[in-house]
*Asks:* 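Take a look at the following structure, please.
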Amino acid sequence: MLAIMGAMDEEIELLLEGLQGREDLTRPGVTLYRGTLDGVPVLLTQSGIGKVNAAMTATYLLQEGATRVIFTGVAGGVHPDLRVGDIVVSSDLVQHDVDVTALNYAPGTIPGEASSWAADEALRTVALEAAGEIEGVQVLEGRVASGDQFIASKEGVRRLRETFGAACAEMEGAAVAQVCAKAGVPFVVIRSVSDTADHDAQVDYRTFMPRVARHAKQVVRGMLARLGAGT
Ligand code: ADE
């Protein structure tokens with residue numbers, strides 16, 4: 001079963017509207033929606049914001065039988081070429097707020113665990129194809145940096161570029177990646193750029209977020225058309 005996650009209303013409601021035969025599965029803190037989207041059986045859910053919500057919700061999805069996970073939503077662009085509306089497909093993901101450097105671990109490294117998680121090749125390919133169909137936006141495959149922080153400064157952007165080589169910043173993807181990797185379940189994160197994570201980030205985010213969230217939704221529907229019943 002294919003699972004589709006988003007953090008916020010705007011990221012999920014457009015998909016929820018299209019869900020046929022909807023069955024609500026109530027779990028502590030979150031509801032999972034089971035049904036058929038464009039003819040494909042899916043689990044759909046809104047995790048809420050941040051890594052803890054994302055990890056918890058991903059765990060419920062896996063318990064419910066998810067065999068592939070797509071996370072869709074918005075992000076702050078960190079790569080200098082990215083503009084509002086552009087799309088990032090995750091190559092891999094890091095947790096930029098993990099800091100055990102005092103014990104000589106590299107930034108982002110959880111002792112005894114990975115320091116980054118690679119997204120699934122096949123899902124990436126399908127996501128890139130689907131994103132390529134959206135006119136007027138640039139599509140970049142790159143590293144997604146997640147942390148429990150809204151990045152809104154030049155220094156923040158510089159740190160994510162220089163320390164992690166990040167393409168964009170968001171608050172959930174790498175938590176989903178960590179949970180899925182532990183279970184051996186393929187995943188990909190698709191983000192449309194709502195702001196460029198600098199001093200204008202708050203204003204841009206509020207202005208553009210609902211609009212660009214549509215791009216991520218379009219990518220998901222393009223993926224469904226390609227993945228079809230094989231999910
Ligand atoms: N999601 C959208 N914009 C973001 C930003 N600037 N930082 C973190 N998460 C975001």
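The structure presented is a predicted model; accordingly, all values stated were derived computationally and were not measured. Start at 1 and go down the list; that is how both ligands and their atoms are numbered.
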*Asks:* Distance to 0.1 Å, residue and atom name: give those for the protein heavy atom nearest to atom 3 (N) of ligand 1.
*Replies:*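 For this ligand atom, the closest protein heavy atom is D195 OD2, 2.7 Å.
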
*Asks:* Atom 8 (C) of ligand 1: which protein heavy atom is closest, and how many Å away?
*Replies:* Q149 O, 3.5 Å

*Asks:* If you look at every heavy atom in A7 and F71, which pair is closest and at what distance?
*Replies:*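 Residues A7 and F71, closest heavy atoms: N-CZ, 3.6 Å.
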
*Asks:* Considering non-hydrogen atoms of the protein only, which is the closest contact for atom 10 (C) of ligand 1, and what is the distance?
*Replies:*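 I find the closest protein heavy atom is A169 O, 3.6 Å.
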
*Asks:* Does a side-chain N-to-carboxylate-O contact under 4.0 Å join R221 and D38?
*Replies:*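 Salt bridge between R221 and D38, a charged N being under 4.0 Å from a carboxylate O: yes.
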
*Asks:* Heavy-atom distances under 4.0 Å decide this one: backbone, side chain, both or neither, for A197 against ligand 1?
*Replies:* both

*Asks:* Taking all non-hydrogen atoms of both residues into account, name the closest pair between V100 and T109 and its distance.
*Replies:* CG2-O, 3.8 Å

*Asks:* With respect to I151, determine whether any N or O atom, backbone or side chain, lies less than 3.5 Å from an N or O atom of ligand 1.
*Replies:*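 Yes, since at least one N or O of I151 sits under 3.5 Å from an N or O of ligand 1.
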
*Asks:* When you check the gap from the basic side-chain N to the acidic O, do K217 and E17 get nearer than 4.0 Å?
*Replies:*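 Looking at E17 together with K217, the answer is no, because their closest N to O distance does not fall below 4.0 Å.
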
*Asks:* Between E129 and R226, is there a side-chain N and carboxylate O pair less than 4.0 Å apart?
*Replies:* yes

*Asks:* Quick one: does S194 get a heavy atom under 4.0 Å from ligand 1?
*Replies:* yes

*Asks:* Does R22 come within less than 4.0 Å of D24, counting only side-chain N to carboxylate O?
*Replies:*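 Yes, R22 and D24 are salt-bridged.
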
*Asks:* Does any N or O atom in M171 lie less than 3.5 angstrom from one in ligand 1, N or O only?
*Replies:*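 Looking only at distances, the answer is no, because the N/O contact criterion of under 3.5 Å is not met.
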
